[in-house]
Amino acid sequence: MPASRPPDEPVYLDHAAATPLNPDVAAAMEAAATLAFGNPSSPHTAGRAAKRLLEDAREQILGTLGGRGAGAVRDRLVFTSGATEANRLGLLGLAGPANWRPEGGLVAVSTRDHSSLRAAAVELGGRGWQVVELPLVGTGAVDFAPARSLPALPAPRILTTTTVCGQTGIRADVEEEAKLAGAGWLVHADATQGAAWDDLAFATGPWATLALAPHKFGGPRGIGGLAVKGGVTLAAISPGPQELGLRGGTEAVALAAGFARALQLAAADRAEAANRVATLRDRLEQGIVASARTAGIDAVVVGADAPRAPHVALVALAGLDRQAVAMAADLAGVCLATGTACASGSTEPPAILAALGLPESYRGGSVRLSLARTTTEADVEQAVASLAAVLNRLGPRPRT
Ligand code: PLP
């Protein structure tokens with residue numbers, strides 16, 4: 001069960017940006033750092049010990065993801081610095097010489113994709129690739145019409161998808177999307193927000209590559225990974241002898257050990273934790289919407305009718321300014337977000353809100369609250385009470 005929060009600490013509801021390090025993970029990292037101080041590329045005893053721990057972590061992560069660890073076409077895992085780099089390696093790697101034609105190919109993205117994925121697609125655009133923006137339907141699924149209406153579909157084609165949207169928590173049905181796209185597409189999936197909650201069954205899923213980062217589920221930051229389906233050829237974007245030749249540089253063995261432990265812990269209580277966290281999220285959403293209405297503010301939960309992961313609540317407050325809400329919430333002891341952490345300086349509301357058809361008056365007032373396994377009922381009750389006071393102050397006076 002989650003530990004209770006000291007009363008003078010703020011309620012932290014920004015776990016989609018980063019989660020606290022799980023003490024069990026910290027212990028695994030400390031043990032690995034003590035044991036594996038050598039460079040995994042060194043052939044001596046200390047180097048070999050480090051290499052062994054690194055490969056154990058890799059194998060364990062692939063195993064937890066449901067990857068194929070043996071046989072002629074085994075799946076692989078490349079450690080990266082985080083999901084941003086994993087997304088870039090996935091997209092640019094798939095677009096590399098093995099799958100490449102001089103005239104470039106086609107890459108499809110959508111507004112639910114993280115900025116790192118969209119930036120990688122833009123980079124491909126700069127190399128002559130055609131970039132297609134797939135619109136979203138109301139439930140957050142992509143509409144393939146713009147790709148189908150192209151006079152000719154260039155090959156190769158890469159479909160980017162996000163298993164759980166970091167801004168809304170809406171799940172993608174990647175299986176269905178791959179089917180709708182049809183033959184000839186390589187799928188790169190960003191599972192950064194979904195990995196803590198979903199059994200990804202990597203070996204049988206429709207993806208060629210899958211990005212993830214453990215700081216979203218109690219693991220360390222500074223490391224991420226790209227799982228690569230057996231038989232898929234990737235080009236290195238930062239070549240070197242390490243990491244199967246796909247990423248140069250001395251590997252972070254202790255971080256890899258922490259990554260493996262964090263994923264293992266997340267997988268161990270997935271179903272129970274998802275239920276518990278979804279119940280807390282629902283309570284949080286209901287509490288905020290009710291408080292907003294009491295304060296005379298119209299409020300909606302974005303994606304309420306869509307399939308969602310349990311940990312994200314995106315609440316749109318009509319007529320309010322999301323930066324003002326976030327600042328006032330922080331002063332009142334609640335850490336929440338105005339969108340993804342990378343976009344928190346942006347003055348523009350997240351583009352996905354328009355793509356999902358949210359009326360303009362709500363878009364500027366959307367705030368994201370995100371939970372984790374460590375979130376307690378007391379946290380939620382405290383947040384609801386504090387935000388009720390904030391909304392009462394910021395919102396229009398109740399009509400008499
Ligand atoms: N993809 C998604 C869906 C995310 O939510 C994030 C971070 O918030 C990233 C990618 C980037 O992850 P990292 O910070 O590990 O680079």
Side-chain angles (χ1 to χ4, degrees), residues 12-21 25 61 77-93 109-123 136 140 142 159-172 174 177 187-198 200 207 209-227 237-238 247 252 255-256 258-259 262-263 266 302-303 306 308-314 335-346 350-352 355 366-372:
Y12 181 75
L13 291 174
D14 197 14
H15 290 93
T19 51
L21 190 65
V25 171
I61 293 167
L77 179 84
V78 183
F79 287 116
T80 62
S81 61
T84 295
E85 188 192 331
N87 277 333
R88 186 162 181 269
L89 177 60
L91 242 62
L92 271 60
V109 291
S110 77
T111 54
R112 67 186 178 185
D113 295 329
H114 187 260
S115 54
S116 56
L117 257 183
R118 297 177 61 81
V122 168
E123 220 176 316
L136 302 182
V142 289
L159 171 65
T160 72
T161 185
T162 299
T163 65
V164 170
C165 170
Q167 307 182 72
T168 61
I170 295 177
R171 286 182 192 285
V174 182
E177 285 175 12
V187 179
H188 169 79
D190 180 354
T192 307
Q193 293 292 341
W197 310 104
D198 298 334
L200 290 160
W207 29 63
T209 47
L210 188 88
L212 56 163
H215 67 97
K216 308 296 187 187
F217 45 88
R221 52 203 78 178
I223 190 163
L226 184 74
I237 55 174
S238 182
R247 184 185 192 254
L255 296 181
F259 184 171
L263 190 65
V302 178
R308 284 193 292 161
H311 66 306
V312 178
L314 184 65
C335 298
L336 51 74
T338 53
T340 60
C342 327
S344 58
S346 165
I352 192 167
S366 66
V367 288
R368 182 187 74 178
L369 302 102
S370 49
L371 302 81

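Counting starts at 1 for both ligands and their atoms, in listed order. These values consider heavy atoms only, across backbone and side chains, with no hydrogens, waters or symmetry-generated copies.
- Of all the atoms in ligand 1, the ones that sit under 4.0 Å from a non-hydrogen atom of H215 are 13 (P), 14 (O), 15 (O).
- Within the 4.0 Å heavy-atom shell around ligand 1 one does not find R221.
- Atoms of ligand 1 lying under 4.0 Å from any heavy atom of Q193, numbered from 1 in the order shown and given with element: 3 (C), 4 (C), 5 (O).
- Every N/O-N/O distance between S116 and ligand 1 stays at or above 3.5 Å.
- Nearest heavy atoms, Q193 versus H311: OE1-NE2, 3.0 Å.
- Applying the 4.0 Å criterion to heavy atoms of G82 picks out, from ligand 1, the atoms 15 (O).
- Taking A213 as the reference, A83, T192, H215 meet the side chain to side chain contact (heavy atoms under 4.5 Å, CB included) condition, with sequence neighbours excluded.
- The aromatic rings of F259 and F217 lie tilted to each other, with the angle between the two planes from 30° to 60°.
- For the atom pair OG1 of T162 and NE2 of H114, the computed distance is 9.0 Å after rounding to the nearest 0.5 Å.
- Every residue two or more places apart in sequence or in another chain that forms a side chain to side chain contact (heavy atoms under 4.5 Å, CB included) with A306 is listed here: T139, I170.
- Within the 4.0 Å heavy-atom criterion, both parts of A83, backbone and side chain, lie near ligand 1.
- The structure places CZ of R247 at 9.0 Å from CD1 of I237, a figure rounded to the nearest 0.5 Å.
- At under 3.5 Å, a nitrogen or oxygen of D190, whether backbone or side chain, sits near a nitrogen or oxygen of ligand 1.
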Take V142 and R112 through the test side-chain contact (heavy atoms from CB on, under 4.5 Å) and record every step on the way to the result. CA-CA 9 Å; V142 289; R112 67 186 178 185; 3.5 Å; yes
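- Looking at ligand 1, you won't find any N or O of E85 less than 3.5 Å from one of its N or O atoms.
- Shown in contact with A213 at under 4.0 Å from a heavy atom are these atoms of ligand 1, numbered in order with element: 15 (O).
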